[in-house]
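We number each residue from 1, following the sequence as shown.
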Amino acid sequence: MKAYLKINEKDNVAVALRDLTVGEMICLNDAESITLCDDIPQGHKFAFTHIRDGSAVIKYGFPIGKSKSDIAPGCHVHTHNLSSALTPNGEYQYRKNAVGSLSIAEAAEKIKDLPSSFSGYVRSNGSVGIRNEIWIIPTVGCVNDVAIRLMMLAKSQFNTCDGIGDIIAFRHPYGCSQLGEDQENTRKILADLCMHPNAGGVLFLGLGCENSGITEIQNYLSRDKNEIRFLVCQDSPDEIEAGLALIAELIAHASSVKRTPCELSRLTVGVKCGGSDGLSGITANPLVGKFTDLLTAAGGSVLMSEVPEMFGAENALLSRCVNREIFECGVEMIQNFKNYFASYNQPVYENPSPGNKTGGITTLEEKSLGCVQKAGSAEIQDILAYAERKKTAGLSLLSAPGNDLVSSTALAAAGAQLILFTTGRGTPFSAPVPTLKISSNSDLYGKKQNWIDFNAGSLTEAGTLSDMSAELFCFVLDAASGNASKSERSGYRDMAIFKQNVTL
């Protein structure tokens, strides 16, 4: 196992790939070596050369902050001697970057040797799902418990039905006492989920007096009548009996739909990271980036979100926008999120988290530059507003916060049939769609076998990004074709809506 990785030739720090000990000699090349001044935990940084007080610390080929003191070669670089250099107002200029073209060409060549289809469920409107489930979606939090009871009774009553993967009720606390854009976003997210092709049938469950009731949200829906049913609890003498009868009708239709081969152009994958560590930006996230290149080269789509974790890396990312118009939309997305923070008198750069710092990430620039590795080298084809659905193939950026549940729900609502979730700390949660967890380090994979689906940590031990990206590509297509994720096997499924305004 290698001791360290210098990611880019411009870098003046390197990352420890295993725990390193003070006094350990690190070979830089055949003729040079340095002796470590400190213990360096796995994922943390040490100075590769002398770094002067106040000068830029470089990782990924970009500045990740400024040194707070002179740092000698071999010394630990972290919060004690490195601080962010970000300022509230950034300047953005469109300089289209074609650096990624070689990687895209390599991806196009490589997909010739990879599977060219997956097995999915074609819906009446032509969309494709990778699961055939029954979803119960409340319009308002007041009927959450009704939805849960219907789910439990339906699972018991209809558990022998062929072709239905699961019956799922999604709890949320919203749908009433909201105003303006906040209420509009709730309606859009609920409608987006109602139209999601992973659901072979949807029971849309309302109370009857809420602001975002069934009548309102029907204006946003366009789904075959065989695939959706509506129930207003206040209008029914027995909402449980009525709900079970409607679920039976949905199951009867959904169970008649079978998996068929589908082109990769029909697959949309969301990419997200959470609980990052110092290895996330050099194992799991770049691996997902290679997957992004492969899928987009094959005509498929990738959605990436968590805008606050683009701060500090947005110039490098937005340089890949396909044209100036998309670039300007990307800048507006970034600025709107900064203004959102400022409107509540909150610091724009309140990041990284304590867990990130424990794992070796020091500044937001460092976290963001590692985070955007998930976008690979593909050109950015579109910028999507929160609660907006995907409009074009290829890589799109979606406006949503960094919060794992909110961002992942937004990815599903935008059209992702599954999500690749990279993590260095681990989490059991799942989005409304299958959520494959990819560990950045092997210790996490070994410890949390019931959470983690794929181990990118082995990149520090053996294998190459190119080989492992092909392995991940096939793994994802198997999941799209029916192989259950660890969170699915545990019965975990979550959703969360981005609450941005007052509650009446």
Any side-chain heavy-atom pair of [X] and [Y] under 4.5 Å:
X: N441; Y: T460; value: no
X: L82; Y: I64; value: yes
X: M310; Y: M333; value: yes
X: E306; Y: C273; value: yes
X: H172; Y: P138; value: yes
X: C474; Y: L114; value: yes
X: T422; Y: S280; value: no
X: T435; Y: S408; value: no

Is a side-chain donor or acceptor of [X] paired with a backbone partner of [Y] at a separation under 3.5 angstrom?
X: K367; Y: E309; answer: no
X: H76; Y: N81; answer: no
X: T423; Y: S439; answer: no
X: K486; Y: I452; answer: yes
X: Q42; Y: L17; answer: yes
X: R131; Y: A199; answer: no
X: N285; Y: K374; answer: no
X: K290; Y: F473; answer: no
X: Q417; Y: G129; answer: no
X: D192; Y: A414; answer: no

Rounded at 0.5 Å granularity, tell me how far [atom1] in [X] sits from [atom2] in [Y].
X: R18; Y: D443; atom1: CZ; atom2: CG; value: 13.5 Å
X: K59; Y: I7; atom1: NZ; atom2: CD1; value: 5.0 Å
X: T186; Y: Q500; atom1: OG1; atom2: CD; value: 9.0 Å
X: D38; Y: H44; atom1: CG; atom2: NE2; value: 12.0 Å
X: I497; Y: L193; atom1: CD1; atom2: CG; value: 7.5 Å
X: S487; Y: W451; atom1: OG; atom2: CH2; value: 11.5 Å

If we ignore angles and hydrogens, is there a donor and acceptor under 3.5 Å between the side chains of [X] and [Y]?
X: D53; Y: S67; value: no
X: D277; Y: S440; value: yes
X: E488; Y: S485; value: yes
X: S466; Y: K110; value: yes
X: Q178; Y: S212; value: no
X: S301; Y: K390; value: yes
X: N455; Y: S442; value: yes

Could you walk me through whether N356 and S276 pass the side-chain hydrogen bond (donor to acceptor under 3.5 Å, both in side chains) test, one step at a time?
CA-CA 6 Å; N356 295 152; S276 300; 4.6 Å; no

Parallel, tilted or perpendicular for F337 and F341, by the 30°/60° rule?
perpendicular

Could you check, using the six-membered ring where one of them is a Trp, whether F454 and F291 have ring centers closer than 6.0 angstrom?
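Centroid distance F454-F291: not below 6.0 Å, so no.
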
Heavy atoms only: give me the nearest [X]-[Y] pair and the separation to one decimal.
X: F429; Y: A431; value: CE1-N, 3.8 Å
X: I361; Y: H78; value: O-CE1, 3.6 Å
X: G23; Y: T35; value: O-CG2, 3.5 Å
X: A480; Y: L267; value: CB-CD1, 4.2 Å
X: A375; Y: L395; value: O-CD2, 3.7 Å
X: I111; Y: A297; value: CD1-O, 3.6 Å

Should T362 and K45 be marked as a side-chain hydrogen bond (donor to acceptor under 3.5 Å, both in side chains) after you check the CA-CA gap, both sets of side-chain angles, and the distance that decides it?
CA-CA 9 Å; T362 309; K45 302 172 292 298; 2.8 Å; yes

Whether over 12 other heavy atoms sit under 6.0 Å from [X] [atom1]:
X: E325; atom1: CD; answer: no
X: K6; atom1: NZ; answer: yes
X: K447; atom1: NZ; answer: no
X: E332; atom1: CD; answer: no

Could you check T409 against F498 for side chain to side chain contact (heavy atoms under 4.5 Å, CB included), going step by step and ending with a plain yes or no?
CA-CA 9 Å; T409 299; F498 189 17; over 6 Å; no

Carboxylate-amine/guanidinium proximity below 4.0 Å for R171 and D145
yes

Show your working on side chain to side chain contact (heavy atoms under 4.5 Å, CB included) between D182 and K499 and close with a plain yes or no.
CA-CA 7 Å; D182 198 41; K499 180 74 170 67; 3.1 Å; yes

Kindly indicate, with the supporting measurements, whether the criterion side chain to side chain contact (heavy atoms under 4.5 Å, CB included) is fulfilled by Y94 and I326.
CA-CA 10 Å; Y94 181 52; I326 298 301; over 6 Å; no

What verdict does the side-chain hydrogen bond (donor to acceptor under 3.5 Å, both in side chains) test give for S481 and D478, after you've listed the backbone C-alpha separation in whole Å, the side-chain angles of each residue and the deciding distance to 0.1 Å?
CA-CA 5 Å; S481 298; D478 286 344; 5.6 Å; no

Passes side chain to side chain contact (heavy atoms under 4.5 Å, CB included), R320 versus L317? Steps please.
CA-CA 6 Å; R320 289 161 41 199; L317 182 63; 3.9 Å; yes

